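Note sheet for the following structure.
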2 protein chains.
Amino acid sequence: MTEVVTDGRGDTRARVERAALELFSRDGYEQVTSDEVADAAGISRRTFFRHFPTKADAVWGDFHAHVVRLDELLTAGDGDQHVLASICAAYVQVNDYAEDELPLLRQRMRLILTEPALLAHSQTRYADVDRVVAEHVARRTGAAAGSLVPRLVAATTRAAATTAFQTWLADETVSLAVALHEAFDELAGGFPALEGPPG
Amino acid sequence: MTEVVTDGRGDTRARVERAALELFSRDGYEQVTSDEVADAAGISRRTFFRHFPTKADAVWGDFHAHVVRLDELLTAGDGDQHVLASICAAYVQVNDYAEDELPLLRQRMRLILTEPALLAHSQTRYADVDRVVAEHVARRTGAAAGSLVPRLVAATTRAAATTAFQTWLADETVSLAVALHEAFDELAGGFPALEGPPG
DNA sequence: TTGCCGGTGGCACCCGGTGCCACTAGCGTT
DNA sequence: AACGCTAGTGGCACCGGGTGCCACCGGCAA
C-alpha cells in the first residue's frame, strides 16, 4: 500500500523525512510512532532506523553539512572583522535559504523548538556547532578552545541564534537575517535595550 | 535482600538518588539500567518510576525548589541594580552551596554536562529557568516576556551560567561564584576579552 | 553461472516508561 | 476487635524506541 512503486529518483531518505515532518506537525511528535512514519514512507521500521539513528533525527535534514559549512565560513572569514561579527555573518550565511525553502524550514524549526523531546535532542546536534564556534574563537584569540571565553562565546551566540529563530517563527514579517542581526547586536553591545527604554 | 529493613528516617527518594549518582558516575549513565538503580536502592523498578518520572530525573535532586528560589530572588531583588547584575546575583545565591555539599554537586553536574543523554534532558529542566528569568526581564523592561530581549537575556545568561559550571568543573581552584561572575562580566561588557589581547 | 555486496525486511530482544491490580501498613472510627 | 480509608509498594503486561542477527533480493563483475 501507499504505492511504493513510485519514485526511485528521490532518495528514500528525503521521502522519509518529508513523511516524518508532515506527520509530526499534524499529530505531534510523541503521538506518531516510528512504525507510522516508516509506513507512510513505504519502508519498514527496521529500514527507517538505518537511515536515521533516532526518530528525532528524521527532522534534521542534512544538518552535518550545515555544521561543515559553518566551519568553512568561519575559517575562511575576514580576519579584521570583530569576532562576534564574523560569527553572526557565518550564521546568517548558513541560514540563507531560498524563498521556497522557507516553509520547510519553518516546519522543521517549529517542531524542534516546540516539541520538548526534539528540543532536548537538539542539544545533541548543537554540540557540534558549539565546538566549531569555540575553535574559531580560540584561533582568533589564542585562548584554549576549552577555556572560558571560547566556550562562552560559542554558547551565548548559539543561544542568540536560537532566540532569533524563535522570534522569526513567531513573526512572519521579520526575515531570519534581520532577526539574527538584532540578537547579535544586543549581545555584542552588552544589551543596550536593558538601559531603561523609558528614561 | 539488600537489607531494606534499614533506614526509615532518610527518604527513599534521597537513597535512590545517591545510588543513581554513584552508579552513573562509576559505570556511565547509559550502561546502568533503571532496574540496577532500583535494586541498589532496595526498591522495585516500578517504585523507582513513582519517585522519578524519568531515569534522568534521578540526578537532579530538588531542582524545582531551586527554580522557585531563583524566582523569589529575582522578584525580591534590588530594582536599582542592572538587570544582568540582578540575574548574576540570583544565580550566585542559588548556587551558594556549603563546602561539604560541593562533592555531590560536582558529581551531579559532571554527569549532567558530560553524559549526552543527560545534557539533552537538561534542556527540559532549564526551560523553567529560562521562563522565570525572561519574566523577570519582562517586568524590568516592560517588554513582553515572549519578545526578543527577555528571551535573549534568559537564554544567554543561562548559557553563561552553564559555561561557568563547565570551567568550575574543569578547574578545582576557582569557586563557582567567581566563575559565574567572570562569565557574566564578559557577557555584560560585550566580551571585552575579544578586543585583541595581543595588540 | 558464480560470487560478492548494498539495501532491505523480519524477528527477537533489551530497556525506559505506564496502566492496572493486588497487597500491606498505618491510623482513625465505631 | 473489626471496619474502612489511604499512601506506598510490588508485580505484571503492555507500548514504543532502538539494536543485533539473519535471510533475502537486486545489481554487477569475473
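Please read these numbers as outputs of a predicted model, since none were measured by experiment. Labels below follow one simple rule: chain letters A, B, ... track the order of the sequence lines, proteins then strands, and each chain is numbered from 1.
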Hey, can you pull the residues of residues 53-62 of chain B with a non-hydrogen atom under 4.0 angstrom from DNA chain C?
B:Pro53, B:Thr54, B:Lys55

Where along residues 27-37 of chain B does a heavy atom come under 4.0 Å from DNA chain C, residue by residue in number order?
B:Val32, B:Thr33, B:Ser34

Would you say the side chains of A:Thr173 and A:Asp171 form a donor-acceptor pair under 3.5 Å?
yes

Identify every side-chain donor-acceptor pair in residues 19-28 of chain A under 3.5 Å, counting partners at least two apart or on other chains, and give the distances.
from    : atom 1 : to       : atom 2 : distance (Å)
A:Glu22 : OE1    : A:Gln107 : NE2    : 3.4
A:Ser25 : OG     : A:Leu21  : O      : 2.8
A:Ser25 : OG     : A:Gln107 : NE2    : 3.3

Tell me whether the side-chain N/O atoms of A:His51 come closer than 4.0 Å to OP1 or OP2 in C:dG7.
no

Does a nitrogen or oxygen in the side chain of A:Thr47 sit under 4.0 Å from OP1 or OP2 of C:dT8?
no

Indicate for each nucleotide in nucleotides 20-27 of chain C, in 5' to 3' sequence, whether protein heavy atoms under 4.0 Å reach the base (B), only the sugar-phosphate (S), or nothing (-).
B-------

Quick check for you: to the nearest 0.5 Å, what is the distance between A:Leu180 atom CG and A:Ser175 atom OG?
8.5 Å

For B:Glu17, is there an ion pair with B:Arg108 - N to carboxylate O distance below 4.0 angstrom?
yes

Quick one: salt bridge (Lys or Arg N to Asp or Glu O under 4.0 Å) pairs with a partner in residues 112-136 of chain B, sequence neighbours left out?
B:Asp57-B:Arg125, B:Asp128-B:Arg131, B:Asp130-B:Arg158, B:Arg131-B:Glu135

For residues 77-84 of chain A, please give each side-chain donor-acceptor pair under 3.5 Å, one per line with the distance, not counting sequence neighbours.
from    : atom 1 : to       : atom 2 : distance (Å)
A:Asp78 : OD1    : A:Asp80  : N      : 2.8
A:His82 : ND1    : A:Leu84  : N      : 2.9
A:His82 : NE2    : B:Glu195 : OE2    : 3.0

Main chain of B:Tyr91, side chain of B:Asn95: is a donor-acceptor contact present, judged purely on distance under 3.5 Å?
yes

